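These figures come from a predicted structure and were not determined experimentally.
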Amino acid sequence: MRGSKRDWMFRVKVNGLAKNENVYVVGNVPELGTWNHIEAVQLQSEKNSNSNSPVLFDNNDGGSGDVFDDQNASRENLVNEPDEGQIFSQNIELPTDVNVEFRYFIAVVCQLNEIKNPTQTLIIRKWETHMTPRLIKKDKVSNIEENSLPEPEQFGYNNGYFKIENGWLTEETVIQFKIFNNPIKLWKNRLQNRKVHIKMTPVNLVRHNSIEMPQLGGDCVDDSLSMDTQDIVDHPAFSITEIAVMNDEEAHFKYQAQFGREYNEDDFVIFNVAVRYPETIAYLVDYYVYSSRSTPDEPPNHIGFSYILPSTLQSSVGIITVPITSTKHRPIGQLTVEYVRIRPIADQTWDMSISYAKHWEERWSGLDVGHRGLGTSFKFEMKNCANVRENTIASLKTAAYHGADMVEFDVQLSKDFIPVIYHDFHVSISLKRKKQIEAMDMLEIPVKDLTLEQLHLLKDFCYPGDSLGKVLHYIDKDEQNNNQMVYHLAEAREKTAKFFDEDLEDHQPFPTLKSVLQVLEQHVGCNIEIKWTMQLKDGTFELNHPFDLNEYLDIILKVVLEYGCDRKIVFSAFNPDICAMIRLKQNKYPVVFLTQGVTAKYPMYHDTRCQSIPMAMRHALAADILGINVHTEDILRDPTQVKLVRDAGLIIFCWGEDNNDKVTIQHLKTLGLHGVIYDKIDEYNAKEVKESIFLVDARESQKALIALASCTQTCGPPQSTMPGSINSENKQEQDKEIGDLAKNLSVCAKTFGQTIKTKSTEIVGKQTSGIGEIYTDDDTAKDCL
């Protein structure tokens, strides 16, 4: 009956809950917050797991230790420990006329106690990310019996497999401090050649009496502070400090030890500090040295400390040097540290209904990815150029027409903060007409210094003297000659145009990211590369960038979150910090780290995470992203690296000019690459049927829905679903179900292989691996059932 309610007891067991963490349930109905974490329902802890009634949990009695983060935990591991963990429960009235979908998540509450402006913030630590949420069917009655409670569900375990992910930034800010290239310099002779332990602790500069929130990540906060300062500092209202080291054993972030971590030569250490009010937080760095004659149980000597003040961390990225002061307040050395400040996207409404951040299906292997669409248009050798201008809507559409599973394109901001599709950082401008091409004076200007309107006025050609085939542009002021002309290197020499598409809108350079996502077919996946300047090993930068990195990324991400919908989208970037930032700034789309690795073709980057595939892999594990996108030159040098990456539970794409060969493409797919990015996909694509795998998935899903609708009309609903004779009310419900299925046909076409949720969804067993949710070939059709 419409409007009626049923009592439902949500009951879940959680292992390894850290101090001050709480358990919540969120779902698709208003009673569960309509997928908004702010409106989610907090569950109460049952102190005695055998009790028949839940009791309120006192946060101070919570367990200590690390948050449960075993992403690859098996069912056996969970079932064999039935007595461990805490049970949380809550009775909620739910509507009976809709299917209720829901997920559990773990969060920390930051409560502001000021009476005039009370607010509550949830910092999400872990959440369930199964493609199919938990389900309560609308015909189910209450699960509460008179003398017993329902069996508790296991957090993270649903539909036959285990799946939880780390949270994303909602209100907190993360500061990552990167310590590498031997940044600790100690001047005292007695400290030379000694192993130094380093620890970082956030401390308040201003006491917040209105905020009460203990620190996470340690049994005793005072242990992390210098002995001569612990009586004068104030602990932050909220902070979590974790550490990762770019090696095979320590790549995942964990709480730091009491006396920090030993720094060894060539280590790459990252301190990850999450705080609620970064403008009032300083960072205390303590240094410890163990005596050569100390016993295993003897603590180290505290030799000094440094302070990093918030005033030195104003920009999104930077490098700072601070003095190391002894316990007697004398300078004994210095620390050089690089940092990245990651802010949450402001005024963004988050949806917990689904996440693709770590989702990759088993059949998505050997994907054909169109480089800049149909391929690079401007190379020194014309035979290797695509015949449609790169990074245009026409190029992307043509690649899709010829069977590209995904298209790769580059995004950067114009001067007026519009995300545009373009590869190079610079354009070269001449104010002379194209008839005077032999006498041109070129002025090189960054794309970032031109507005979208100015970019759309540019006319393209390739300068004859540029051996790299750089794309150059000029503004034609002849109002009678406003058509756009694009010249390749050879065209400029021979005064012969290659492209004759000046009047076609789809062929214009600098399309906006919004327009691409709006007009490109939904079944085509997008690999969106974020363009940003990189520092080379010699200390120079590719570009002096004026944008604030947080603002830069927020603008791009908001466009994708608004217009990306259910399209298969993967972000990528050569800058490892950008990859970490995108992962933390949103909860929907996956990220892969672009790396050139060991190469003789390109100059080496400053950041050691960019210098080899193993280091890229470790960064991907630390940043909790989907995988890496490697330069094929390094793969061909050592093909065993593909297995190394896959065994780590990461997906792996490859890019580079070596891919522009049919034999090489097939060889790379045989090695197990999940995706190969290459030019001229109209010539090199070996598919018999030129279709995206996601379009094939959508078609199979549609067939399954049509079959289900046909079966429902012919056979009627299952007796277990609709008991008794079919009266008029039941008949109306049945017709509505079939109508909903018909509507879902269009949804299936858009989801291209994602789990389809219908009124008759049944639980289908699935398995999992490190690369996300893995399905058998028939599972997509089953999910539609």
Side-chain angles (χ1 to χ4, degrees), residues 168-178 272-281 310-320 338-350 409-426 445-455 510-517 528-535 541-564 569 571-589 591 593-594 607 623 625:
W168 69 99
L169 301 185
T170 53
E171 297 289 339
E172 75 275 31
T173 294
V174 164
I175 312 290
Q176 290 190 348
F177 297 96
K178 299 171 290 181
N272 190 91
V273 187
V275 296
R276 181 67 180 88
Y277 301 98
E279 65 277 2
T280 65
I281 304 297
S311 59
T312 64
L313 307 174
Q314 293 301 307
S315 62
S316 292
V317 294
I319 180 171
I320 55 177
E338 297 187 19
Y339 74 89
V340 55
R341 176 173 173 162
I342 311 173
R343 299 194 305 262
I345 301 178
D347 303 320
Q348 181 68 34
T349 301
W350 298 109
F409 53 83
D410 310 278
V411 176
Q412 54 186 305
L413 293 188
S414 63
K415 184 178 181 179
D416 48 349
F417 304 102
I418 306 297
V420 295
I421 311 301
Y422 196 72
H423 177 267
D424 292 345
F425 284 119
H426 295 84
I445 297 181
V447 172
K448 65 182 177 62
D449 290 340
L450 297 170
T451 65
L452 180 64
E453 182 180 5
Q454 291 169 333
L455 291 171
F510 305 105
T512 65
L513 175 60
K514 174 182 174 181
S515 65
V516 167
L517 294 175
I528 303 176
E529 180 185 340
I530 307 297
K531 300 291 292 184
W532 185 261
T533 181
M534 293 290 291
Q535 184 179 11
F541 285 85
E542 295 173 322
L543 178 72
N544 292 322
H545 224 293
F547 294 112
D548 176 83
L549 184 52
N550 274 287
E551 182 180 17
Y552 185 89
L553 293 178
D554 289 354
I555 291 171
I556 295 173
L557 290 175
K558 282 186 175 182
V559 172
V560 178
L561 289 169
E562 182 174 357
Y563 299 100
I569 290 175
F571 287 105
S572 64
F574 280 102
N575 188 305
D577 294 331
I578 286 179
C579 293
M581 294 175 77
I582 295 176
R583 167 63 181 86
L584 289 174
K585 280 178 171 289
Q586 50 87 42
N587 68 342
K588 188 171 184 179
Y589 297 112
V591 184
F593 174 33
L594 268 167
D607 196 314
I625 60 177

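Every residue two or more places apart in sequence or in another chain that forms a salt bridge (Lys or Arg N to Asp or Glu O under 4.0 Å) with E171 is listed here: R276. For T451, the side-chain contact (heavy atoms from CB on, under 4.5 Å) partners two or more places apart in sequence, or in a different chain, are K415, D416, E453, Q454. Taking the salt bridge (Lys or Arg N to Asp or Glu O under 4.0 Å) definition, one finds that K588 meets it with nothing, sequence neighbours left out. Taking the salt bridge (Lys or Arg N to Asp or Glu O under 4.0 Å) definition, one finds that D410 meets it with nothing, sequence neighbours left out. A search for ring pair (Phe, Tyr, Trp, His ring centres under 6.0 Å) contacts involving Y552 returns W532, H545, F547, not counting sequence neighbours. Every salt bridge (Lys or Arg N to Asp or Glu O under 4.0 Å) that R343 has, sequence neighbours left out, goes to D548. Taking the side-chain contact (heavy atoms from CB on, under 4.5 Å) definition, one finds that I319 meets it with T336, E338, sequence neighbours left out. For the ring pair (Phe, Tyr, Trp, His ring centres under 6.0 Å) test, no residue two or more places apart in sequence or in another chain qualifies with F541. Looking at residues two or more places apart in sequence or on another chain, you find a side-chain contact (heavy atoms from CB on, under 4.5 Å) between P344 and L169, T173. Contacts of D577 classified as side-chain hydrogen bond (donor to acceptor under 3.5 Å, both in side chains), with partners at least two apart in sequence or in another chain: K178, R609. Residues satisfying the side-chain contact (heavy atoms from CB on, under 4.5 Å) criterion with K514, sequence neighbours excluded, are T512, Q518, V559, Y563. For the ring pair (Phe, Tyr, Trp, His ring centres under 6.0 Å) test, no residue two or more places apart in sequence or in another chain qualifies with Y339.
To the nearest 0.5 Å, atom CZ of residue F571 and atom NZ of residue K585 are 12.0 Å apart. The distance from atom CZ of F177 to atom CG of L313, rounded to the nearest 0.5 Å, is 5.0 Å. Here the straight-line distance linking atom OG1 of T533 with atom CZ of F574 works out to 13.0 Å at 0.5 Å rounding. Atom-to-atom distance recorded for I625:CD1 and I582:CD1 is 9.0 Å, nearest 0.5 angstrom. Distance check, rounded to the nearest 0.5 Å: CG of L561 to CH2 of W350 gives 5.5 Å. Note that CG of L450 and CD1 of I445 are 5.5 Å apart. Values are rounded to the nearest 0.5 Å.
Contact record, I569 with G564: CD1-CA, 3.7 Å, taken as the closest heavy-atom pair. Here the shortest heavy-atom pairing between K558 and A346 reads NZ-O, 3.3 Å. Residues V174 and Q176 approach most closely at CG1-CG, 3.9 Å, considering heavy atoms. Nearest heavy atoms, P278 versus P310: O-CB, 3.6 Å. Closest non-hydrogen pair, C579 versus A573, comes out as SG-O, 3.5 Å.
Geometrically, K531 does not engage Y422 in a cation-pi contact, judged by NZ or CZ lying under 6.0 Å from the ring centre and within 45° of the ring axis.
Between the Q586 side chain and the L584 main chain, no donor and acceptor come within less than 3.5 Å of each other. Formation of a donor-acceptor pair under 3.5 Å by the E542 side chain with backbone atoms of M534 is found in this model.
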* K448 and F425: CA distance, side-chain angles, deciding distance, side-chain contact (heavy atoms from CB on, under 4.5 Å) verdict -> CA-CA 8 Å; K448 65 182 177 62; F425 284 119; over 6 Å; no
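Contact check for D424 versus V447: no side-chain heavy atoms found under the 4.5 Å cut-off. P419 places a side-chain heavy atom less than 4.5 Å from the side chain of I555. Using a 4.5 Å heavy-atom cutoff, the side chains of V420 and L513 are not in contact. In this structure, H426 and L543 have side chains that are in contact, with non-hydrogen atoms separated by less than 4.5 Å.
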